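The structure appears right after this line, and notes come after that.
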Amino acid sequence: MTVQELPGAAAYRPTPPPAWKPITDPAPLLPDPEPYRVLGTDAVADMDPELLLRLHAELVRGRRYNTQATALTKQGRLAVYPSSTGQEACEIAAALVLEERDWLFPSYRDTLAAVARGLDPVEALTLLRGDRHTGYDPREHRIAPLCTPLATQLPHAVGLAHAARLKGDDVVALAMVGDGGTSEGDFHEALNFAAVWKAPVVFLVQNNGFAISVPLAKQTAAPSLAHKAVGYGMPGRLVDGNDAAAVHQVLSEAVARARRGGGPTLIEAVTYRMDAHTNADDATRYRVDSEVETWRAHDPVQLLERELTGRGLLDDEGIEQAKEAAERMAAALRDRMNADPELTPMDLFTHVYAEQTSQLREQAAALRAELDAEQDHEHSAEAGR
Amino acid sequence: MTTAATKAGSRTAKAKPATMAQALGRALRDSMAEDPTVHVLGEDVGTLGGVFRITDGLAKEFGDDRCTDTPLAEAGILGAAVGMAMYGLRPVVEMQFDAFAYPAFEQLMSHVAKMRNRTGGAMPLPITVRVPYGGGIGGVEHHSDSSEAYYMATPGLHVVTPATVDDAYGLLRASIASDDPVVFLEPKRLYWSKADWSPEAPAAVEPIGRAVVRRTGRSATLITYGPSLPVCMEAAEAAVAEGWDLEVVDLRSLVPFDDETVAASVRRTGRAVVVHESPGFGGPGGEIAARITERCFHHLEAPVLRVAGFDIPYPPPMLERHHLPGVDRVLDAVARLQWEADS
Ligand SMILES: Cc1ncc(C[n+]2csc(CCOP(=O)(O)OP(=O)(O)O)c2C)c(N)n1
């Protein structure tokens, strides 16, 4: 049946839908196809040398933190560690662009961002050591718990940023997610809410090439992850994720824009996961060494170091100092992680509700009795020795 | 009723040690080889073979279209499986870990469980959702949940969980062959448990819904499933020294529930303890205890007791040993079964 055959079709005159809003020009929302770079360009000269040196020192420290934490998994001191080696520029820039009053919403891989923001390096590791899910008070540091279920922290970031604005505070939330996480429904919902509410949020996607074994090409058919922004009505930006100066600049602009009431931005940092997904994963099953080698030549620490030495901002002594500071941090981390954490089994029941239920009180009493019996047993065993 | 003893007797000479993970992988492979409509999909199931390597080799053997690495989106994976099943395929979905199945709850509760009913029987959904579940492997948060109570409370779903290598194979084959959706819970701490098993002559594929007596006894019945079966078997052995002869029933399927096997056992022994590691409050044990009481009231010498995980979010790995019900807690419960009457 064609349209003409429909009863009354002759009278049909198409008119535009009454509430149609003209589409704003999407062009400004689209990312440049080439990831933004600063290192190796004249733009470096416009950047504050102090900031560049700070970035460098933090990158060196961050790299050392990653190698130290990985070593701790081999000694059995950490159950698991998802290393961010190769991604330090994103981690550090994310921490350094935020003001104290701002909030960070990290994923499980973003220990480094949390530490660079000032979190105690050991407290940041309790989740991965296995003694506490979140070893710190998120309010104290304005760092949400390192988030294990993918992308689920993104709507939280939107809600918090929205709440802060409703209260009249100029607080910005920076939410971090991996390339794989962008496929989750929560990613879509968070971006949509943020754009509709003009919430002061910055979304930072660290596109490190893989979600465990799955390469980006199997994750999305979008021209880039940053391109997704236009559909929500927010700007998308592509940045070289190994160029610490560039990531810092792009994030700073987005944070400033959010703070001014300009709404959210989606930033895709193109980087690479140099290590396996975690120490428990075998990356040789799904990727080739030559790819890793190409990225090794684009190492974020080396890139910044070469630039700064080339410009005479950093010399061997400066590099040595940064390394020594990183070594001190690593030694302290090692020492503190070598001490067994104090475990209090009765804590199992303490933080389930504000007020314990009678059932939990019963269960706590039962465990107390078990623990006491265990201890008596140990004592009598010792006495018998 | 098959018991562990009769099964062991029927072993062929070719049997050699295999893990539960291998048996599950073999079940997938055999199902796919037999039936071209069986498709496996999920996160990392292709090249990697799944984070637990259950799907290892399937993509190579059957191609990416039959064993597909999906985008990382559980709701999308299960929702797509619904559509695939609507068009005549038999999707087997892998959820990477228990707590990562939660984003797919909408699809599971609103569609997978209800489609047959909504469509007056016109559109059954033969989907198998494989969920590695439970603790005891030292996983970080969100990697150790026991979510069976949610699934059990949702009419329209079968809920199946193997505890042995044989059952891993047989029950998964039966689940994939089922015309109803099955939530297939894999006790991840038993993935590497071994038993003699012969891939050439794998165990018979029984229909799902039958419990099995793993150990016969006269004093009391331990009713359990999945990860808690080895705990109960060990407790039953230890109980011999205390003078108790315990029977152990492995449910294998929570929905449908085998009232017959369970009630028959409890009528014989007169006492029952339900053991599982998921939280006790609102958990499977309550339902099971009620069913036993309804059927065996006059045979019971003592109230049906439950030994379960505490009613808390799954704790960090360093504390999980305090949470998980072990042999001692099972024996404590057995000791509380009002034995005075006998002595
Ligand atoms: C909802 C959910 N599904 C699955 C997982 C299991 N998982 C943990 S990390 C990961 C890959 C994440 O990849 P990506 O988002 O790219 O981040 P990356 O690990 O590369 O930093 C998966 C599938 C999870 N944590 N949460």
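Just so it is clear, the values below take in all heavy atoms, side chains as well, and ignore hydrogens, waters and symmetry mates. Note on naming: letters A, B, ... go to the chains in the order of the sequence lines (proteins, then strands), and numbering restarts at 1 for each one. Since this is a predicted model, take the numbers as computed values, not measurements.
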Between the side chains of [X] and [Y], is a donor N or O closer than 3.5 angstrom to an acceptor N or O?
| X | Y | result |
| --- | --- | --- |
| A:N66 | A:S84 | yes |
| B:S147 | B:D145 | no |
| A:T271 | A:N208 | no |
| B:Q96 | B:D44 | yes |

Side chain, backbone, both or neither: which part of [X] has a non-hydrogen atom closer than 4.5 Å to chain B?
| X | result |
| --- | --- |
| A:D179 | neither |
| A:Q359 | side chain |
| A:L216 | neither |
| A:E374 | side chain |
| A:L360 | side chain |
| A:V80 | side chain |

- Query: Would you say the side-chain atoms of A:N338 pair up with the backbone N or O of A:R334, donor to acceptor, closer than 3.5 Å?
  - Reply: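 Answer holds: yes.
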
- Flag, side chain of A:T278 to backbone of A:P82, donor-acceptor distance under 3.5 Å: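 Not at all, since once roles are kept as given, no pair shorter than 3.5 Å links the two residues.
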
Using a cut-off of under 4.5 Å on heavy-atom pairs, state which of [options] scores highest against chain B.
| options | answer |
| --- | --- |
| A:T148, A:L128, A:D347 | A:T148 |
| A:H133, A:E370, A:Q219 | A:H133 |
| A:L127, A:D186, A:I212 | A:I212 |

Contacting region of [X] [heavy-atom separation from chain A under 4.5 Å]:
| X | answer |
| --- | --- |
| B:F281 | side chain |
| B:E320 | neither |
| B:H322 | both |

Quick check for you: among [options], which has the greatest number of heavy-atom pairs under 4.5 Å with chain A?
| options | value |
| --- | --- |
| B:R53, B:H143, B:E43 | B:R53 |
| B:D328, B:L319, B:D311 | B:D311 |
| B:D332, B:T47, B:I312 | B:I312 |

- Task: With the side chain counted from C-beta on, respond yes when B:Y191 and B:E186 share a heavy-atom pair under 4.5 Å apart, and no when they do not.
- Result: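 Contact flag for B:Y191/B:E186 side chains = yes.
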
- Smallest separation among heavy atoms of A:H277 and A:Y286, with atom names: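 For A:H277 versus A:Y286, the nearest heavy atoms are N-OH, 3.9 Å.
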
- Query: Looking at A:T111 and A:E91, what are the two nearest heavy atoms and their distance?
  - Reply: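 So the minimum-distance heavy-atom pair works out to N-OE1, 4.2 Å.
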
- A:R273 to A:W295, cation-pi by 6.0 Å centre distance and 45° axis angle: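 Cation-pi check for A:R273 and A:W295: fails.
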
